[in-house]
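Numbering starts at 1 and runs along the sequence shown.
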Amino acid sequence: MKNSAPRFRLLALIASIALLSACSGGGDESEELVLPVPTVDETAEPEEPTAEAELERVFRSYWAAIVEMEGESEIPAPSMLDGIATDDVKELEFNRIGNLKESGHVREGGVDVGEVTVTLEGENEALVQACVDSTNWDLFREGEKVELGNQGIGPSVVRAENASEGWLIAQVRLFDEVTISC
């Protein structure tokens with residue numbers, strides 16, 4: 001038995017083929033072996049969100065931050081709006097919310113932001129608006145609920161700009177530019 005390795009490999013190959021034939025239905029030649037075809041290119045990079053999708057995300061993040069800031073018992077840090085709003089809007093909101101806190105006001109609950117409408121105005125500016133329901137966003141002063149006559153569903157309109165760090169809310173409360181109905 002001079003060279004049994006090639007003979008052993010040949011027998012192993014024949015045994016493997018026979019085993020595969022037995023496992024695939026006994027050699028019925030009318031059946032074809034179908035291999036799954038991948039449907040997703042696994043090397044493709046994830047798609048960048050559209051400007052509209054990014055603006056909607058920023059708008060909803062802005063409202064989430066405002067609700068959180070107004071819900072704090074202490075004056076919140078303007079950094080809560082980092083990556084969401086420009087320095088001017090951060091200062092405006094920080095001062096407004098600071099005045100609420102200094103007078104003993106706090107909010108409980110939250111808002112429901114409806115469908116967001118985005119109007120791109122060139123490559124670097126957009127008008128973003130939605131109906132915002134503040135019905136369940138109550139204002140309290142020193143533990144007593146403050147009745148607000150303007151609580152309910154109303155438009156929220158902001159202007160956003162595309163800065164080096166991405167889309168940011170640049171102007172708020174632009175009620176004269178509303179084009180949606182709530």
Side-chain angles (χ1 to χ4, degrees), residues 40 44-182:
V40 177
E45 296 198 16
E47 290 185 24
E48 291 285 323
T50 64
E52 291 85 352
E54 182 61 17
L55 284 158
E56 179 175 350
R57 184 198 64 76
V58 168
F59 184 78
R60 290 184 185 281
S61 296
Y62 165 79
W63 269 105
I66 294 298
V67 168
E68 184 177 346
M69 290 169 73
E70 290 195 22
E72 298 284 326
S73 58
E74 300 296 320
I75 297 175
S79 62
M80 291 181 74
L81 290 171
D82 284 354
I84 299 171
T86 62
D87 289 341
D88 289 344
V89 171
K90 284 194 269 187
E91 182 179 346
L92 176 79
E93 293 296 7
F94 177 73
N95 290 334
R96 183 185 64 78
I97 294 170
N99 289 337
L100 277 173
K101 301 302 172 193
E102 287 174 359
S103 63
H105 289 87
V106 68
R107 290 238 193 208
E108 290 182 8
V111 300
D112 181 29
V113 178
E115 181 180 340
V116 177
T117 302
V118 174
T119 306
L120 292 172
E121 298 172 342
E123 291 181 21
N124 296 317
E125 205 169 290
L127 189 69
V128 185
Q129 52 190 329
C131 295
V132 176
D133 184 354
S134 63
T135 304
N136 297 315
W137 197 31
D138 297 321
L139 181 65
F140 291 85
R141 182 167 188 258
E142 298 175 1
E144 297 291 321
K145 184 174 178 182
V146 177
E147 293 301 323
L148 300 172
N150 62 349
Q151 206 167 6
I153 300 174
S156 172
V157 185
V158 303
R159 186 164 308 284
E161 64 183 34
N162 196 357
S164 60
E165 59 268 34
W167 287 99
L168 299 173
I169 305 293
Q171 296 176 323
V172 295
R173 296 176 195 79
L174 302 174
F175 300 112
D176 57 331
E177 297 189 42
V178 173
T179 62
I180 59 172
S181 298
C182 296

> Can Val118 and Trp167 be said to form a side chain to side chain contact (heavy atoms under 4.5 Å, CB included), step by step?
Replying inline: CA-CA 12 Å; Val118 174; Trp167 287 99; over 6 Å; no
> Does the side-chain hydrogen bond (donor to acceptor under 3.5 Å, both in side chains) test come out yes or no for Asp88 and Thr86, once each step is laid out?
Replying inline: CA-CA 5 Å; Asp88 289 344; Thr86 62; 5.2 Å; no
> So Glu123 and Asn162, side chain to side chain contact (heavy atoms under 4.5 Å, CB included) or not? Walk me through it.
Replying inline: CA-CA 8 Å; Glu123 291 181 21; Asn162 196 357; over 6 Å; no
> After noting the C-alpha distance and the side-chain angles of Glu144 and Arg141, does the key distance pass the salt bridge (Lys or Arg N to Asp or Glu O under 4.0 Å) rule?
Replying inline: CA-CA 5 Å; Glu144 297 291 321; Arg141 182 167 188 258; over 6 Å; no
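One N or O on the side chain of Lys101 and one on the backbone of Glu72 form a donor-acceptor pair closer than 3.5 Å. Here the side chain of Thr50 pairs a donor or acceptor atom with the backbone of Ala53 at under 3.5 angstrom. Under a 3.5 Å cut-off, the side chain of Ser134 and the backbone N or O of Gly152 do form a donor-acceptor pair.
At a threshold of 4.5 Å between non-hydrogen side-chain atoms, the residues Glu56 and Val113 do not count as touching. Residues Val116 and Trp63 are not in side-chain contact: their nearest non-hydrogen atoms beyond the backbone lie 4.5 Å or more apart. Looking at heavy atoms from C-beta onward, Pro49 lies in side-chain contact with Glu54 at the 4.5 angstrom threshold. Counting heavy atoms from C-beta on, the side chains of Asp82 and Lys90 come closer than 4.5 Å. In this structure the side chain of Ile180 reaches within 4.5 angstrom of the side chain of Cys182, judged on heavy atoms.
Rounding to the nearest 0.5 Å gives a distance of 7.5 Å between CZ of Phe94 and CE of Met69. Atom CG in Leu55 sits 10.0 Å away from atom OG1 in Thr119 (nearest 0.5 Å). In this structure, Leu81 CG and Ile97 CD1 are separated by 7.0 Å, a value rounded to the nearest 0.5 Å. Of the inter-residue distances, the one linking Ile169 atom CD1 with Ile84 atom CD1 reads 8.5 Å to the nearest 0.5 angstrom. Put simply, CZ on Arg96 and CZ on Arg173 are 4.5 Å apart, with the number rounded to the nearest 0.5 Å. With values rounded to the nearest 0.5 angstrom, Ser61 atom OG is found 12.0 Å from Met80 atom CE.
Residues Ala163 and Leu168 share a closest heavy-atom pair of CB-CD1, 4.0 Å. The two residues Gly110 and Val67 have their closest heavy-atom pair at CA-CG1, 4.0 Å. Closest heavy-atom contact between Leu100 and Ser103: O-OG, 2.9 Å. Minimum interatomic distance between Cys131 and Ser181 (heavy atoms only, all atoms of both residues): SG-O, 3.5 Å. Considering every non-hydrogen atom in both Phe140 and Val146, the closest pair reads C-CG2, 4.2 Å. Here the closest heavy-atom approach between residue Arg159 and residue Leu127 is recorded as NH2-CD1, 3.8 Å.
Here salt bridge (charged side-chain N to carboxylate O under 4.0 Å, His left out) pairs that include residues 105-115, with residues two or more places apart or in two chains, are Glu70-Arg107.
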